[in-house]
Every structure is written in structure tokens, then in C-alpha cells.
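Here's the structure, in C-alpha cells; my notes come after.
One-based numbering, in listed order, for ligands and for the atoms of each.
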Amino acid sequence: MVDKSEKVTDKQVYLNRRLFMKAAALAGTATASTLLYRRLNPPPAERVEGDKLQQVAKAPQAEAIKEGFAVTDKLTPLEAITNYNNFYEFDTSKSGVAYAAKGFITRPWAVSVEGLVNKPRVFDLDELLKFPLEERIYRLRCVEGWSMVIPWIGFPLYKLLEKVEPTSAARYVAFQTLLDPERMPNQRTGILDWPYVEGLRLDEAMHPLTIMATGMYDETLPPQDGAPVRLVVPWKYGFKSIKSIVKITLVAGEPPTTWNIQAPDEYGFYSNVNPNVPHPRWSQATERRIGEYGRRDTLLFNGYAEQVAHLYQGMDLVKNF
Ligand code: MTE
């Protein structure tokens, strides 16, 4: 893992200009300084005692890189991954999510897998944690133009789907986050249509790069990153990687997705990372890697073209954005 001095430097970098500008504007009052202190000193990542991860399989480096299971980019430090989050159920400010999600109760937890399947089934968390775990070092590219490199722990989604036997009528997979305003306080507001929902085409869901993550950096997922189980689809914008999943439904038609409902002209169903298709309000050609200065070029399919481009052969990627 990374040494302490490196973590501190990175932490200072990701507390970005916007935060300091906000901080400067707030600095006048006593409440403001408490708020500022809280923002600049976020709580440590929450770990759930008892949810110990079993042995994690790590593929040999060359093989993992070839499959897209690992990249050689420098890892984003844990502190940055756990304190710069998008999780609107808790807070709309990236630096506020860790604080708002502290103590989020993830036991008992179950994921129901249903719909067009021969063997619908409810998996409780212990059953999910028993799937053989693998490490996947993926780039995560947010539609907002920032990115990270995260060492996830999880298992391929196809292993879960195989257990329920999708029928031949199943073409898409719909995902749903927990709906519980008691535990997810921002669900009392109308900033998004709750619960958060997402979807994939069945072949995207069955692709070996698509995983259900239950951990990162060799430990269980902290609440702010989607505990206890979230989706990770590394070639798509981050908002497709839905957190804290409770329901997976196999369906025949394209399911509704939260950001598409919110702004259909801005967020399409596919949302594959594509530097050549700008967001209506900004370019997608470059990105800011959290912890680095400057910007780097964004790669088609987030650098996973070799593994996934065939899924979209013959499709117009501008129309199907
Ligand atoms: N899932 C839910 N349920 N709610 C959310 O607000 N935000 C999405 C995605 N999954 C979100 C979500 C967005 S916009 C991104 S970029 C990623 O989670 C961020 O994941 P991270 O905070 O672990 O980096």
C-alpha cells in the first residue's frame, strides 16, 4: 500500500479549489468554522466489524492486465476514495458523504434477484460474501470529468446471474438501491427520484469486467462507497455503478435509470465513457485524476475497448450515448 507521506500530499490535492473557495466564503462565523473543520477533517473510513473478507484471488499481473482486470496506473489513496464521493442518498457534496453515511447499518442485508429467471432467489449478505472474491484494479471515470484508480474486491456479476438462470426472454438487468429515508436521510428530499435505479443490457451484465464489489483495498466496503454491495462497470461513467443494491430484476425492455429520468438529454442509457461525445454542457475529452495536477486524455471505453468494443459493433455511439 501507499506510505503515509504520500497519502497526506494526495489528500491535500483532492481537497480541491472549489472546497477552499467555499471555505473562504464560509470562514466568517463560528458555525462556519465548525463546518469547515468537519469538511477538512473527515471521519476515518467506516469498517463493519464481523464482515471480514475471505481470501482474495489475485491473478498474475500480465494475465490480469490482458483481461482488463488490472491497470498499471498509480492507485488512488484510500483516503481520497473514501472522502470524495457521489452518493446523493446521503449528501450532494462530495466531501460531506463520508460524514453523512457514518454508521450506516448494513446488517441485516439481502439482495433479491428476480424477474425473468427460472430460479428467483434472495441472497443474504453472508451468501454474497461467500462468492469467491477477486481483486480488480479499475479506472473509475465520473461523467463530471474526474477519475480514480480503485483496487476493488468483488465477484463477477455473471456468477450471481447464472445461479438464478435468466430465461430467454430476459434482455436487460435492472438494479435498485435501498429505499429507506431513515437510514438514507437525503431520500427525504426530492433532489432525485428515489430509489436510485440503474440498468445494463444482459450481455453487458454478463461481461467478466462487470463486478459486484463488496470491498476495496483488501477490506469491506465503507458506507460512502456503496456498502455492503455495489455494481462496478469500469467502461461506463461512474453513475452506472449503483451503490447499496437491494434488488436485481431481469427484464425484457430497457429499464429506467435515475440520471436519464432526471436529464434525458444529458445522460443516456449506455453512458459508455467516450471522449468523442461531449456532454451537452462540457467536453469529455480529458479528465482530472484525483490526486494529480493537470488533466489527462480520456480513453474510449475508459481504456477497456479491447475487452468491450465488440458489444457495440455496428451501433451509433453518438445516438446511443
Ligand atoms: N449510487 C447511488 N445509489 N447513489 C448515487 O448517488 N452516485 C454515482 C455512483 N453510484 C450514486 C451511485 C456516481 S455519480 C458515481 S461517480 C459513483 O457512484 C461514485 O462512486 P464512489 O463515490 O465510490 O467513487
Numbered atoms and elements of ligand 1 in range of Asp225, under 4.0 angstrom, heavy atoms: 21 (P), 22 (O), 23 (O)
Do other residues, nucleotides or ligands put more than 12 heavy atoms under 6.0 Å from Ile105 CD1? no
Ligand 1 atoms nearer than 4.0 angstrom to some heavy atom of Cys142 are 16 (S)
If we ignore angles and hydrogens, is there a donor and acceptor under 3.5 Å between the side chains of Ser147 and Arg141? no
Within a reach of under 6.0 Å around CD of Glu165, are more than 12 heavy atoms found that belong to other residues, nucleotides or ligands? yes
When you measure from atom 7 (N) of ligand 1 to every protein heavy atom, which one gives the shortest distance, and what is it? Asn86 O, 3.2 Å
Residue-level breakdown please: for Glu144 versus ligand 1, do any non-hydrogen atoms fall below 4.0 Å on the side chain, on the backbone, on both, or on neither? neither
Which residue supplies the protein heavy atom nearest to atom 5 (C) of ligand 1, what is that atom called, and how far is it? Tyr196 CE1, 3.4 Å
Check ligand 1 against Thr177 and write out every atom of the ligand that is under 4.0 Å from a heavy-atom position of the residue. 3 (N)
Identity and separation of the nearest protein heavy atom to atom 17 (C) of ligand 1: Gly238 O, 3.6 Å
Which residue holds the protein heavy atom closest to atom 6 (O) of ligand 1, what is that atom called, and what is the gap in Å? Tyr88 N, 2.8 Å
If you scan protein heavy atoms around atom 4 (N) of ligand 1, the nearest is Glu89 OE1, 2.8 Å
Could you list which atoms of ligand 1 come closer than 4.0 Å to a heavy atom of Ser241? 9 (C), 10 (N), 18 (O)
Within the 6.0 Å centroid threshold, strictly below: Phe87 and Phe104: no
Is Arg121 paired with Glu127 through a side-chain N to carboxylate O contact shorter than 4.0 Å? yes
Tell me whether Arg139 contacts the main-chain N or O of Asp73 through its side chain, where contact means a donor paired with an acceptor under 3.5 Å. no
Between Arg107 and Asp126, is the closest basic N to carboxylate O distance under 4.0 Å? yes
To the nearest 0.1 Å, how far is atom 18 (O) of ligand 1 from its closest protein heavy atom, and which atom is that? Lys243 CE, 3.3 Å
What atoms of ligand 1 come closer than 4.0 angstrom to any heavy atom of Asn85? 21 (P), 22 (O), 23 (O)
Charged N to carboxylate O under 4.0 angstrom, Lys243 versus Glu89? no
Examine the proximity of ligand 1 to Arg230 and report which part, side chain or backbone, both or neither, has a heavy atom under 4.0 Å away. side chain
Yes or no on salt bridge (charged side-chain N to carboxylate O under 4.0 Å, His left out) for Lys236 and Glu204, after CA distance, side-chain angles and deciding distance? CA-CA 10 Å; Lys236 292 178 179 279; Glu204 298 176 323; 2.8 Å; yes
